[in-house]
> 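Once you've had a glance at the structure underneath, I'll fire off some questions.
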2 protein chains.
Amino acid sequence: MPSRPTIRDVAARAGVTDMTVSRVVNRSGPVSEGVRRRVEQAIEELGYVPSRLARGLRSKRTLTIALVVSDITNPFFTTIARGVEDAASDQELLVMVCNTDESEEEETRYLGMLAGQNVDGVLLVPAKGAENACALAERRRLPLVLLERRIPGNAHSLVHCDVRSGARRMMEHLLKLGHREFALLTSPIGLTTADDRVEGALEALKGTGGRATVFSERLNRETSGKAVERWMALNPRPTAIFALNNLLTIGALKALRARGFRVPQDVSLAGFDDLPEPLLENPFLTVVSQPSYEIGKAGFELLLAEIANPGFAHREVMLQPELVIRDSCGSPTVFE
Amino acid sequence: MPSRPTIRDVAARAGVTDMTVSRVVNRSGPVSEGVRRRVEQAIEELGYVPSRLARGLRSKRTLTIALVVSDITNPFFTTIARGVEDAASDQELLVMVCNTDESEEEETRYLGMLAGQNVDGVLLVPAKGAENACALAERRRLPLVLLERRIPGNAHSLVHCDVRSGARRMMEHLLKLGHREFALLTSPIGLTTADDRVEGALEALKGTGGRATVFSERLNRETSGKAVERWMALNPRPTAIFALNNLLTIGALKALRARGFRVPQDVSLAGFDDLPEPLLENPFLTVVSQPSYEIGKAGFELLLAEIANPGFAHREVMLQPELVIRDSCGSPTVFE
DNA sequence: TTGTAGGCGTTATCAT
DNA sequence: ATGATAACGCCTACAA
């Protein structure tokens, strides 16, 4: 009942010591041609695979990183994950994925587990109040790069997207179409990135005579009907609705339709975050699209730098979102 | 410049040996109340987190598993991943995610990395020709559970979905609507699950006078126009198209529309695999929906059993898909 | 070019 | 209830 072969099993079979095998495996030293061949054959015959565990214990490198997001099921994060994994895979690194559901507690729990140095670094999309998690990483000297969301007063490296400009440009687009009355939909959890979006949108209004009302919404089957009523009860009634994240966008679309409002004939609807092209059954929604795949890739690169040079220069990468103009926004129409 | 504290740092600070600390941390032995408190305080003060690496090296358990899928970006796999991660998280296990893009080579590469025993087990959605990967796992005694797709003649535990019955039931539904001429769309890579779907669909036709033509398609912007022509050139022309996976379903819908065919007025379109409800902007597609979240959860449970009892009874779990009837299929209409 | 010694941070086992 | 010892599998440093 042979257990998994170790480096010493290989060594024995090849008639050398474990060090020689180690040299062959890692090309970390000179080995004569004949010995190399014998060792390689032994490795082959035994099906030897070096233990990353033991290796990590010595070298302090596990060749593994973690990606902590709120919900991998959200296509925005899914695409980030794919970007991270592709980049990591190129370097023969493995990636763990953790879902926090925006819970600070889960986040802290995960960072605790990850700090058990089974991971060389962490890519974190921080939940509200991620200070705990960051402090934990700091304490354990765990390289950490933030993704997508800032933490006020935090000095970690960060990859994010210029959502403020994205929101502003979308509003400018809507203004150009002739809209002046807006409803802005944002999520009730106070994320920096959500605030940035709101601010960007409002910025665009300055000196235009446009007006926006901000609604904090969590849309689901029960709440969405009432929400639509609130938006449309505004006086004057908004001609354009700008939903500041992807779930809100879809939620708003469904809710509006359910109440008999046609988009864009009755109201324009602009959104944030796109769905991957192959999943888009009906390219329709005009959105601010964030380069999520690139966020993942860039995050990985920064993390790699951080790992190689811990606490060196904390850097910030800001990517530009893209305005994707489709069919859900038109010129305002006047009712009755 | 203190490095990460080890169990011995804690021991020193608490005035005990590392073994005592170990006992406190793992509740693995008797510790007097006072000592326990001192140790706990030292742990707190130092911010000690046990090394999973060292732990794993000793105990042969890393409390980590891997999920290997073709593409995490496909919502079907994303949801599986979420199911796995939720279940794993309950047991304080971490999950690695790997994308193979259906490449046997990538799959083998990943299994090699994972076999470096930094993982207690693997959940694999096998690509075509995953025998290599399975053999590798076998050799390294790496617990492995297959997800979603069978491998002919393979003895590993398996969680999948009764796609044959799902496809059959969908066809029965279409027959009941009056359809007799079908186009079946399947992917060109020869997956067992794809074959099962085709067979299930054809089964339903027996003795009904219905007829189906099978097309192996890879739909993209270039190919899809010609593909539509092929389907619709059938004589008699199909009144219903059944796409056997989610990408084909969306692809077919877009392609048909682009060629001016309205769904369902001109052709009915049935699909496989659903999008998560919150992402469904416009619930429209009639589909066979697989319980992907549950596949993930069940897979994890099986893997846990496998880990606890390696090579015990290889089990198979088959979940039932659900017919989701929406608006993309109607009764056949006659042209010209 | 190859080998020896020792330790990375834990925990199993045996001893006190 | 606590401690001493060894070992998990590998690699760094040094020696031959």
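Chain letters run A, B, ... following the sequence lines, proteins first, then strands; residues in each count from 1. Atoms considered below: every heavy atom in the structure, side chains included; atoms not considered: hydrogens, waters and symmetry mates.
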> Between S59(B) and M19(B), which is nearer to the 5' end of DNA chain D once each is assigned its nearest nucleotide?
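The 5'-side residue here is M19(B).
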> So for atom CD, which belongs to E44(A), do other residues, nucleotides or ligands contribute more than 12 heavy atoms lying within a distance under 6.0 Å?
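12 or below, so no.
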> With a 4.0 Å cut-off, would you call R150(A) and D196(A) a salt bridge?
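A salt bridge links R150(A) with D196(A).
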> Between T20(A) and dT1(C), is there a contact of a side-chain N or O with OP1 or OP2 at under 4.0 Å?
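False: T20(A) side-chain N/O out of range (4.0 Å or more) of dT1(C) OP1/OP2.
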> For N26(A), which contact category applies under a 4.0 Å heavy-atom criterion: base, sugar-phosphate, or nothing?
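Sugar-phosphate, no base atom in range.
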> Think T6(A) has a side-chain N or O under 4.0 angstrom from the OP1 or OP2 of dC8(D)?
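No.
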> Distance check: side-chain N/O of K60(A) vs OP1/OP2 of dC11(D), anything under 4.0 Å?
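No, because none of the side-chain N or O atoms of K60(A) sits under 4.0 Å from OP1 or OP2 of dC11(D).
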> Within a 6.0 Å radius of atom CD on E105(B), are there more than 12 heavy atoms belonging to other residues, nucleotides or ligands?
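No, not enclosed.
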> Between S22(B) and dT10(C), does any side-chain N or O lie under 4.0 Å from OP1 or OP2?
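Result: no.
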> Between atom CZ in R52(B) and atom C1' in dT10(C), what is the gap in whole Å?
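Going from CZ in R52(B) over to C1' in dT10(C) covers 14 Å.
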> Write down the distance between CG (D18(B)) and P (dG7(C)), rounded to a whole number of angstrom.
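From D18(B) CG to dG7(C) P: 15 Å.
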> Flag the pair D71(A) and R82(B) as a salt bridge only when some basic side-chain nitrogen lies within less than 4.0 angstrom of an acidic carboxylate oxygen.
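Salt bridge flag = yes for R82(B) with D71(A).
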> Could you please name the option among dC10(D), dG3(D), dT2(C) that lies closest to any side-chain atom of T17(B)?
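Among the listed nucleotides, the one closest to the side chain of T17(B) is dG3(D).
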> Any side-chain donor-acceptor pair under 3.5 Å between D120(B) and T62(B)?
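Side chains of D120(B) and T62(B): pair found under 3.5 Å.
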> Taking CZ from R8(B) and P from dT5(D), how many angstroms apart are they, rounded to a whole number?
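Those two atoms, CZ and P, are 13 Å apart.
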> Grab the CG-P distance between L53(B) and dT11(C) for me, whole Å please.
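Checked: the CG to P distance equals 12 Å.
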> Could you tell me whether the side chain of R58(B) has a donor or acceptor atom within less than 3.5 Å of a complementary atom in the base of dA7(D)?
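Such a pair exists between side chain and base.
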> In whole Å, what is the span from the CD1 atom of I7(B) to the P atom of dT11(C)?
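Value for this atom pair: 5 Å.
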> Please report, rounded to the nearest Å, how far the C1' atom of dC10(D) is from the CG atom of N118(B).
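Interatomic distance, CG of N118(B) to C1' of dC10(D): 14 Å.
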> Starting at CZ of R55(A) and ending at P of dC10(D), how long is that distance when rounded to a whole Å?
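So the two atoms are 8 Å apart, to the nearest Å.
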> Taking atom types as they are modelled, is there a donor-acceptor pair under 3.5 Å from the base of dG3(C) to the side chain of R23(A)?
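Checked by distance alone, the answer is yes.
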> To the nearest angstrom, how far is L57(A) atom CG from dC8(D) atom P?
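My rounded result for the distance is 13 Å.
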